[in-house]
Amino acid sequence: MRRSLTIARDLYMSHSRFETAFGLHATRLAAQVEACAKEDIPPLAAAYGPAEIDKAIVDALLRCVGVNFFDGMAANIADIDATLASDLRDEDISTCLAGRQRLERVAIRHTVGLDDQVEGKGGVADTGENARRALFQAQAYGDPLADAARLICIGNELATLPHDYRVTLDANEQYADLAGLSTLVDRLDRDSALKPIATKLLYIEQPMPRDIFRQSPLRATRRP
């Protein structure tokens, strides 16, 4: 991701003409993905570099005009259009942004990363670590057997919390096909050892690569 950021910096700095905040992003994204691919950086990580710079640009823009984030985005101050979304129109985006309402409270998820400690001090049930979070995001490998074993361990720890909780599962597009994902979902539905996770599961996100996901009949995965 550091390399992705460096590549993005060079691409953004090479842009010399005036552009909107979103226009700068849109005109550099394809080149960013292409440059990263030559260094075996996947598209998901390639997008990280521009995202960091885009956040700084939008922050500077909002400060320059003296507008807070919520009002600025509702007015589409970055001039986001449908350049990168062929299935939308410019007015679809501006209408959507204008209709957003600022929330007084948001729920923060505690991510349980693949390398994070699960058990004991510093683990998922350590209130000093999770600050009494009620939402947890468990990351998955993309291997139904390994993921089920890990989720059993995480679930057993979360079950010791003194407060209620909910769980989401993020596979980061690691499941290659619907068969593997269905195997995991079937375990979640039927394996009593997974009950502390299954009964608290809100949804599974990004389970497969997007092109495969769009073509997959998800009815087979039933509940989640």
Side-chain angles (χ1 to χ4, degrees), residues 1 42-45 47-48 51 69-70 73 87 96-97 99-224:
M1 289 192 290
L44 193 63
Y48 169 84
F69 175 81
F70 302 98
M73 294 308 293
D87 56 332
C96 176
L97 290 173
R100 300 307 91 200
Q101 298 294 321
R102 176 175 179 169
L103 300 176
E104 294 303 319
R105 294 171 61 88
V106 295
I108 300 175
R109 290 187 297 177
H110 178 86
T111 296
V112 186
L114 296 178
D115 295 326
D116 287 351
Q117 183 173 336
V118 173
E119 300 174 303
K121 184 175 176 57
V124 296
D126 183 345
T127 55
E129 176 71 16
N130 65 44
R132 294 186 61 83
R133 295 280 189 265
L135 283 175
F136 293 84
Q137 178 199 59
Q139 294 188 331
Y141 295 106
D143 178 333
L145 296 180
D147 285 335
R150 184 168 182 271
L151 290 175
I152 289 172
C153 184
I154 293 173
N156 288 338
E157 290 296 306
L158 292 179
T160 68
L161 289 173
H163 56 271
D164 195 18
Y165 61 90
R166 292 291 183 270
V167 179
T168 64
L169 181 60
D170 183 2
N172 284 311
E173 303 186 4
Q174 293 302 300
Y175 275 88
D177 53 41
L178 190 60
L181 178 62
S182 296
T183 298
L184 176 64
V185 171
D186 188 64
R187 286 285 301 274
L188 286 166
D189 281 346
R190 301 174 186 275
D191 192 337
S192 61
L194 282 163
K195 189 175 181 180
I197 288 286
T199 57
K200 303 293 186 177
L201 184 64
L202 294 176
Y203 53 80
I204 299 173
E205 58 185 309
Q206 300 187 115
M208 298 179 289
R210 288 168 174 80
D211 55 341
I212 298 175
F213 188 83
R214 292 192 184 102
Q215 301 172 22
S216 300
L218 297 178
R219 293 186 189 89
T221 59
R222 296 188 295 280
R223 184 181 54 79

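Distance CG/L178 to CE/M208: 5.0 Å, rounded to 0.5 Å. Summarising the geometry, atom CG belonging to L181 is positioned 12.5 Å from atom CD belonging to Q174; distances are rounded to the nearest 0.5 Å.
The side-chain contact (heavy atoms from CB on, under 4.5 Å) test with Q137 is passed by exactly one of L169, V167, T168: T168.
A distance-only check finds a donor-acceptor pair linking the side chain of D126 to the backbone of G128 [under 3.5 Å]. Formation of a donor-acceptor pair under 3.5 Å by the D170 side chain with backbone atoms of Q139 is not found in this model. Panel note: side chain D186, backbone D189; no donor-acceptor pair is recorded below 3.5 Å.
Taking the side-chain hydrogen bond (donor to acceptor under 3.5 Å, both in side chains) definition, one finds that D115 meets it with nothing, sequence neighbours left out. Residues passing the side chain to side chain contact (heavy atoms under 4.5 Å, CB included) test with D116: none are found, sequence neighbours excluded. Shown here are the salt bridge (Lys or Arg N to Asp or Glu O under 4.0 Å) partners of R187, two or more places apart in sequence or in another chain: D191. Residues that satisfy the side-chain hydrogen bond (donor to acceptor under 3.5 Å, both in side chains) test with T127, not counting sequence neighbours, are absent from this structure. Here A47 pairs with nothing under the side chain to side chain contact (heavy atoms under 4.5 Å, CB included) rule; sequence neighbours left out. By the side-chain hydrogen bond (donor to acceptor under 3.5 Å, both in side chains) test, Q117 is found to be paired with no residue, residues two or more places apart in sequence or in another chain being considered. With sequence neighbours left out, A146 forms a side chain to side chain contact (heavy atoms under 4.5 Å, CB included) with Y141, D143. Contacts of C153 classified as side chain to side chain contact (heavy atoms under 4.5 Å, CB included), with partners at least two apart in sequence or in another chain: V118, E119.
Screening residues 172-194 for ring pair (Phe, Tyr, Trp, His ring centres under 6.0 Å), with sequence neighbours left out, gives no hits. Residue pairs meeting the side-chain hydrogen bond (donor to acceptor under 3.5 Å, both in side chains) criterion with at least one member in residues 149-165, sequence neighbours excluded, are D164-R166, D164-K200. Here ring pair (Phe, Tyr, Trp, His ring centres under 6.0 Å) pairs that include residues 101-131, with residues two or more places apart or in two chains, are H110-F136.
Taking both residues in full, the closest heavy atoms of G155 and I197 are given as CA-CG1, 3.7 Å, listed atom of the first, atom of the second, then distance. Minimum interatomic distance between P207 and A171 (heavy atoms only, all atoms of both residues): CA-CB, 3.7 Å. Of all heavy-atom pairs spanning L194 and A148, the tightest one is CD2-O, 3.6 Å. Scanning all heavy atoms of the two residues, the minimum distance from G142 to P144 falls at O-CD, 3.9 Å.
Put simply, the side chain of L145 does not reach to within 4.5 Å of the side chain of T183, judged on heavy atoms.
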